[in-house]
Amino acid sequence: MKLEPPPNEYPPTIEEHKAPTENIPIEPLMLTDHKPHREDPNQDTDKTSPCSIINKSKPNESEYDSGTPIKDWDTLRNDLAHTPEAADLLDTYGKPAWESLEHDLRRHPYLQARNTFNQAYTYALWHRTLNAARDDNTLTNYTYKDLEDITNIPWGCIRDWTLGEKTPHLERTLNIHEATRQHWETQLPHEAKNHILDPSFVYNTLKSLLDHPNHQTTENLASAIETLYHHGSTQRLTIAELKPYHRMGPQELCTIAHTITDHQNQITDLLNQRLNLEATQEELRLAVENNTLYLWRKTKDPDYWPNALKGELLYLKPDVKENLVISAQRRLNVNKTQLGQLINQLTEHPRENLEKTCNIPYELWSTKYSKYLYGDTLHLLIDTTHQPFTTIKPYITQIGRIANPEKGGGIQNPRFPEGKQLNDLRARLVALAISDCHINKNTHILTYHKNDLDRMVYGQNLFHQLGDCTYQLEQLQGGRYRLTVSAPVGRLLENWGVPQGDKHLHPNLRLPKTIRNGTLEVKRAYIAEVIPEDGFFVNRNGQMKFGIKRTTILDAGLKSEIYGFKPKITDTQKDFIYRYGESQYQTIRDDKPRRQITLTKGRLDQLKTEANTKQDQKLAEELIETINSNPCQLLKDEQELIQSLGISIQDIFKEIHLYETERVSAVWEIYIDSNNDTRFWADIAPPSSGEKQAAVQEWLSQ
C-alpha cells in the first residue's frame, strides 16, 4: 500500500494556474523593479510552515553524496529541452539545479511514492533553474509569456517564483520535511547519533519490500538487514528507525517492523549464516522495539569475561551501575522500560522477575533494591557505551549471591585474570574439571574428589585465582576428600566446555578448542594437571612411562533415559561380560562399595579362540569390534595434543566393566613407549603437584 499525501499537498496543475494572457501587457522581466508582495497569512508558502522557525543548516554533505539518481540528467534534459531557449537555460543552469534537487530528495526518498511526483519534480527543477538564471540576470531578456512557452509552466507560477512570493509544492514539502528532520536530530542525544543509521538510507534499503508485501520473506528481510548491518558495522550496536520521524514520513516501514518481529529467530539464524560471523567468534542479534530495529554484533570470544559469565549476577557499585544504565539509555534513545525490552530480546539472561506494572527487568530497578546486572546485560551495556571491560571490572564486587549457599553461593572480590594468566588458569581448571570434578545438573555446584589432601589444597588454590569462592572441604569415609565450590565456578567451566552431570555420557565430550588450538604454554599447563588427575607415571618392564586413562560408555544403564543415551552394546554381549568377567568391588565417590564385572583385553583376546562355545567365541570378536568402533574422543584429542609437542604416544584398549547399574564402560589408555619421550615430557610438563610430582622428581634425580 502506497502512502497517500496529506490533503492540499498536491502540486498545482497547469490548468489551475492558467490565466488569460491576451489582456495582460507583456513587460520585460525586470526583477529589480518589483517589490515583494505583503505576506498573506493564508498563503501556503514555506514561510508559514509550522517548522519554519527551526534552524535549516545543512547536515554533513558527505552523507548524501552517493546513491542512484532519482532522475537521469541526460534523459531529463532531452525531455525538457523542447525549444532552443529551454536547451540554453538547461545547459547553463539546469545541471547544478538537478544536482541540488537530487541531493535534497535523497534525504527524503519516500516523497517519490506520491502519484504526482513526476510533475512536481519538473516544477522544482525549473524553479531552481530559473532562480539561478535570475540571480545571473539572464531572465531580463524574457517576458513571463516567453518563460511559459519555454517551460510549459503557467506564467503566473513563474512570476510568483521569481518574485519569491511562492515556491513549488515539492520545494515546500522538502523544506518542511528537512526542517522536521533537523528538529528530530536536535532532539536526539548526542551519543545516539553514532549508532543511528540515516533514515533515508534505511528507507532506500527496505523500499523494495514496501509495494509487494509478498516479497517480505525471511530471506529478503535478512538480505536487507544485512545491508543495514554492513553500513553500520563500525558500531557494536546499530539502530535503524523503522518509524517516521514525523507524521509525513514512511509509515509503511512499520509493517516491516511487525514482520521482523514475527520471524525474528529465523531471520537471525539466516543472517548469522550469511555473514559467517562464527569464523570471527561473533554473532548478530536482533531486537525490534517501538518500530525501531536494533542490531547487536556480539562477541563470543571465550576470553571475554562478560561472555564467559553471561548468566551470572555481577554486583557493581551502585553509582557505576546507574551511570552505565543511563548512558546506554541515551545512546539507544530509549527510556528504562524500552531498555528492559531490548535486554529481554538481545540477551540470554533468565526472563524472570519482570516488574509487573512497567515490565522492567528486576536488574534495572533502583540500585537501592538491585545492585547487580546479569553478565550478558553488562556485555550489552558496555558494548553500547563503548566501555572496555577493563575499566568496569574493578567495580564488580562479587559474582552470584553469597548469602544463598543452598543455591551455590558466589565469588567475592573476583579477580578476572587476562591474557597468559587466564589461558594458563583455564587449561589447568579444565584438566581438573574434566577428570575428577562433577558439576551438578540442577545447582551447578562443582565437587572435586581426591584421595590426596595436598592435591585438594592445590586445587583449592587454583580456584582461588578466580576470587574468594564459597568452599567446603570435607573428609569422607575411606580416606577420600571432597571439595565443594560455588555454582558460578561450575557454570564458568560449563561455558569453557566442561559438561554438567555425568561427563562420560555427554555425546560430544571433547577437549575444548581453547586447549586443542592453544599455545605451547596452554598445552603444557593442561598436561601438567592431567597426570595428577586421570594420568599415571609408572615403571613398566624397567621403563618409566607417562600415560592417561579414560573411559568410553557403551551402555548408560539406569541413566539411559535421563541422558537419552542409545546403547552401543547388545544385551547378549552384556551377558557375555557377566559370564566371563572377573567380579570385583569398587568404592565410588559416595563411599559405597559396588560390584563390577571386569573383562581385560588379554582375556577377551583369549576368548576369541578359547570360549566355551563357538557362539561365545563369535561374541568375543563382536565385542572387540564394538569397542574398537567406539573410541574415546577426549583421549584422542589428548593424544593429538601430546603428539603436537613432539612426543610419541600410543593408544590401547585395556578392559571393559559391567556395573550393578547395568552401565558398561570401556577403559582406554594412551602411554609413552620410550624413556627419551618420558624424560622430554618430564622436562617440559612435569606433574604440577601430589605424589606423581614427587615420583617424577625422584626419577629425574637418579
Salt bridge check: are [X] and [Y] linked by an N-O gap of less than 4.0 Å?
{"X": "Arg455", "Y": "Asp436", "value": "no"}
{"X": "Glu474", "Y": "Arg482", "value": "yes"}
{"X": "Lys545", "Y": "Asp677", "value": "no"}
{"X": "Lys441", "Y": "Asp502", "value": "no"}
{"X": "Glu282", "Y": "Lys298", "value": "no"}
{"X": "Glu312", "Y": "Arg491", "value": "yes"}
{"X": "Glu669", "Y": "Arg540", "value": "yes"}
{"X": "Glu283", "Y": "Arg285", "value": "yes"}
{"X": "Lys568", "Y": "Asp555", "value": "no"}
{"X": "Asp424", "Y": "Lys420", "value": "no"}
{"X": "Asp637", "Y": "Arg510", "value": "yes"}

When rounded to the nearest 0.5 angstrom, what is the spacing between CG in Leu466 and CG in Asn413? 13.0 Å
Could you walk me through whether Gln398 and Ile411 pass the side chain to side chain contact (heavy atoms under 4.5 Å, CB included) test, one step at a time? CA-CA 6 Å; Gln398 71 182 54; Ile411 305 174; over 6 Å; no
Minimum heavy-atom separation for Leu554 to Ile627, with atom names?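 Nearest pair, atom of Leu554 first, then Ile627: CD1-CG1, 4.1 Å.
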Would you say the rings of His379 and Tyr304 are close, in the sense that their centroids are separated by under 6.0 Å? yes
Indicate, with yes or no, if the rings of Tyr471 and Phe463 have centres closer together than 6.0 Å. no
Checking Thr390 against Glu418 for the side chain to side chain contact (heavy atoms under 4.5 Å, CB included) test, could you report, in this order, the C-alpha distance in whole Å, the side-chain angles of both residues, the deciding distance, and whether it holds? CA-CA 10 Å; Thr390 52; Glu418 294 183 350; 3.8 Å; yes
Run through Arg550, Lys549, Lys692 and flag the one making a salt bridge (Lys or Arg N to Asp or Glu O under 4.0 Å) with Asp534. Arg550
Kindly determine whether Tyr458 and Glu529 satisfy side chain to side chain donor-acceptor pair (under 3.5 Å), including the steps that lead there. CA-CA 11 Å; Tyr458 174 84; Glu529 297 301 338; 2.5 Å; yes
Mind checking whether Glu640 and Ile642 have side chains closer than 4.5 Å, heavy atoms only?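 SC-SC contact between Glu640 and Ile642 ruled out.
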